Every structure is written in structure tokens, then in C-alpha cells.
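First up is the structure itself, then whatever we jot down about it.
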Amino acid sequence: MMSIIKRNYSLKKHNTFNIDVKAKYFTIIQNEKQIFNLLQEEFSLKEKILILGSGSNILFTKNYNGIVVFNQIKGIKIIEEDEKYSTIKVGAGEKWHDFVLWSIKRNLSGIENLALIPGLVGASPIQNIGAYGMEVKNTIQKIHFINIKSKKKIIINDFDCKFKYRDSIFKNQLRNKVIITNVIFKLYKKPINNTKYGEISNELQRIKKDPSPKSIAQAVINIRNKKIPNPKKIGNSGSFFKNPIVSQNQFMKLKIKFPDIVYYKNSSKKIKLAAGWLIEHAGLKGIRKGDAGVHKNQALVLVNHNNANGKEILSLARHIQKIIKIKYDINLETEVNII
Ligand code: FAD
Ligand code: EPU
């Protein structure tokens, strides 16, 4: 059966920046059959298509002149078990945090540090969501998707997803070309208890809990609630920019000029810098242009104080990029998808 298509539909409730734009067409899909039906409809061949999850990593700068497809494919099911792992198939329309809670309840481990990240499971591989010392790529085994042009269903292995920090094949070669329908995860039966992110061990001590998937998730929830503004209270998309990665050479130069610069060493020779620090120390924390602003406590988060439109938020973002380039000679890349 064909799903219902709405015309000239407001997306305000479908993006966490609360931007009031309209989609020419809007539809909800609940299974793969509905996707194949939609792609066969004559009108859909002429229109561009945008797949939408919770809209927590999107900035709409204008009305969407095409079809917005709201992914609501549900289901969480264990499909294989061995001594070490449970393999789980999850519908792209499940809420990410609900899946984290589901895993903790079964004492499965691997995604507990990613508790409370907004959005749906289908979007989790797109930018390889990460937080508090974990990235989703470490638990993804396979991804099912439908290619919009060829209308074929494809299953891709984790290796072929080209996962990197806030990046994957879905943000590059396959950008806007596929509809992810299910994600297959492999979770550990033995807790991995990843507490290498210092704040987690401090919070566990504070709440007097030993590490377990449940207590780590609770610690992460507590930390996040203190640090990251709640989109239900003030429109935002989490970190607006990625943390920039620079060479050792560039880092050494910056460190001489800015001895307090905050950075993370990773396995490669490159250095990741805290963009929040760069923005704050360029004097931009808390600034406001109309209703578009930089959050007063977390400079990496841009906010919609009330009625900003997407163009105003984008203009503030461009201003920040310009100042950061002048002050540090660094190009800040946006993490948020600008539409
Ligand atoms: P959307 O914003 O709806 O879509 C994001 C992109 O994915 C779009 O380009 C969209 O077209 C595409 N897409 C979505 N679903 C599909 C699909 N099924 N098939 C194909 N394409 C699809 N991210 C982190 O990594 N770590 C964090 O700690 C974090 N914290 C956040 C905190 C807050 C308060 C907010 C608002 C955001 C945060 N984010 C974080 C960003 C965001 O939660 C993630 O990027 C999340 O995965 C987006 O999910 P979504 O369903 O809202 O995707
Ligand atoms: N900092 C400042 N001023 C600020 C903000 C941060 O100086 O206004 C410095 C502080 O020293 C702080 C450090 O930057 O210790 C890091 O800040 P924070 O712990 O808040 O993390 P982040 O680097 O800003 C990244 C992710 C978040 C993720 C957290 C926790 C990116 C782009 N962002 O933020 O992800 O939740 O780490 O792991 O990698 C998201 O992607 O939307 C997101 C929220």
C-alpha cells in the first residue's frame, strides 16, 4: 500500500533547531516495501528525496523542494548469538537512545557510552556517532540500504563504510543516494567498561557505582545533562562544527602562541583540537546575532534563541569560521548537514 503523502508540510517539529521550513512533499515509511512503492511512483522520479530521522543534525536554510521521507522502520531483534557476542538487527526508525537502553537491560556492552545521543538508529552510521571514548563504528557489522536510483537493496559490511571521525561513505560517495533501512550491530556479552574518558570515572565515583554498562550509561547521561543544552528547551543540533585535526607541525606552532590550547592525541600522528576552546578564546562564546547565537556554556553549540531562520544560523556559522581562520589559520568544518 502506498503511504500517505502530505503537501507543503511544515518541518518545524522535525528538526531540533526548530526551523520553520516547508517540504513540498512529506511521507512516512514503515517498511522496505513502502520505499520500493514510493520509488516506483511516477511523481517521485521527478523529485529529489531527503531522508529524515529526528532532524538532530540538520540545518534547513530554505523550503525543501522535493520529497522528505521520515524513516519509521521499527524493530530490535537478536539474530545470532555465540559465547562472546549478540548480533542484533535494528530498524532505522528506532530511537538511538531506546536501543542503548534495550542493550543495557540485557547487560550487553559496546554502546553504553553513546547514551542520550539524539536521533534515530538509521542516522547513527552516517556520521559515525561518537561520544565519551566510543564510536558506533566499533559495533556495526552490516548496514542494509536501498539505492534510490537503482532501486536495489544492498547490504554493506562495516569495512566498506569507510568510517572515520564523524565521517563515512554515507557522507561522501553515497550522500543523499541511499535509504538506510536496518543496521546490524554486534554487542559484547562481557562488559567492556570503557572509562578512559576521565569525566566518566569521576562521575562513577561521585555516584558511588562500579563500572558496568548501566552505570557508565548513567554517568554519561549525568555529564551530558550538565554540559549539552536540551533541544526541547533551546533549539540546537549539538556540536555545529567538527573538532579540527591538524598536523604535529601546525600544532607545535599553535601551542607556542596559545599555551593553554585544549587538544586530544589519537592513535595517528595528527592532533585533534577542541573547537569549543578555539571559539571561546576567539571571544565568540555566548555571542548573539538576532536570535542566532553561540551557547553561553558550550561554544561548539549554536542555538536558536527563538525565531532565527536557517540562513541566520548559517550566517553566524560562517562568521565563526572566518574569525577562526584569521586567528588560528584553521578551517572549521561543519558537522551539521546544511540543506
Ligand atoms: P537527521 O538529523 O534526521 O539526519 C542526519 C543526516 O543523515 C541527514 O543528512 C539525513 O538525510 C541522513 N539520514 C538520516 N537517516 C537516514 C537514513 N535512514 N538513510 C539515509 N540517510 C539518512 N552526534 C554525535 O556523534 N555525538 C554526540 O555526542 C551528539 N550529541 C548531540 C547532542 C544534541 C543535543 C544534538 C541535538 C545532537 C547531537 N549529535 C551528536 C548529533 C546527532 O544526534 C547525530 O548526528 C544523530 O545521529 C542524528 O540522527 P537523526 O536521526 O536526528 O538524523
Ligand atoms: N571547551 C572550551 N570552551 C567551550 C567548550 C569546550 O574551552 O565552550 C574545551 C574544554 O576544555 C573541554 C573541551 O573543550 O574540556 C572539550 O569539550 P567537551 O567535553 O564539551 O567536548 P567537545 O569536544 O566540545 C565532543 C563531541 C561531542 C561529544 C563530546 C563528548 C565533536 C564535534 N563533538 O565535543 O559530540 O558529545 O565530545 O565526547 O566531536 C556532537 O557531535 O554533536 C556532539 C555533541
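Ligands are counted one by one from 1 in listed order, and the atoms in each one are counted from 1 as well. All heavy atoms count here, side chains included; hydrogens, waters and symmetry mates do not. All values derive from a computational prediction rather than experimental measurement.
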Per-pair distances, 0.1 Å, donor-acceptor, side chain in residues 330-339, under 3.5 Å, sequence neighbours excluded:
unit_1, atom_1, unit_2, atom_2, d
Glu333, OE1, Lys242, NZ, 3.1
Glu335, OE1, Arg166, NE, 3.1
Glu335, OE2, Gln127, NE2, 3.2
Asn337, OD1, Arg175, NH2, 3.2
Asn337, ND2, Asn57, O, 3.0

Inset, instruction - Identify, for atom 11 (O) of ligand 2, the protein heavy atom at the shortest distance, and state residue, atom and that distance. - result: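 Scanning the protein heavy atoms, the shortest distance from atom 11 (O) of ligand 2 goes to Val262 CG2, 3.4 Å.
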
Inset, instruction - Could you say whether the N/O atoms of Ile117 and ligand 1 ever approach to under 3.5 Å? - result: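 No.
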
Legend entry - Contact (N/O only, under 3.5 Å) between Asn71 and ligand 1: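 So ligand 1 has an N or O lying under 3.5 Å from an N or O of Asn71.
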
Inset, instruction - Would you mind listing which atoms of ligand 2 come within a distance below 4.0 Å of any non-hydrogen atom of Arg224? - result: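 Within the 4.0 Å cut-off of Arg224, ligand 2 contributes 36 (O).
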
Legend entry - Contacting atoms of ligand 2, where contact means under 4.0 angstrom from a heavy atom of Ala274: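 Within the 4.0 Å cut-off of Ala274, ligand 2 contributes 13 (C), 14 (O).
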
Legend entry - Closest to atom 9 (O) of ligand 1 among Leu50, Asn337, Ile339 (heavy-atom distance):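 Residue with the shortest heavy-atom distance to the ligand atom: Asn337.
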
Legend entry - Option of least heavy-atom distance to atom 24 (O) of ligand 2 (set: Gln127, Gln298, Lys227):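 Ranked by closest heavy atom to atom 24 (O) of ligand 2, first place is Gln298.
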
Side chain, backbone, both or neither: which part of [X] comes within less than 4.0 Å of ligand 2 when only heavy atoms are counted?
{"X": "Tyr165", "answer": "side chain"}
{"X": "Tyr264", "answer": "side chain"}
{"X": "Asn243", "answer": "both"}

Inset, instruction - Under 4.0 Å, heavy atoms only, figure out whether ligand 1 is touched by the backbone of Ile179, its side chain, both or neither. - result: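 Just the backbone.
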
Inset, instruction - Would you kindly specify which portion of Leu120 sits under 4.0 Å from ligand 1, judged on non-hydrogen atoms: side chain, backbone, both or neither? - result: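 Both backbone and side chain.
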
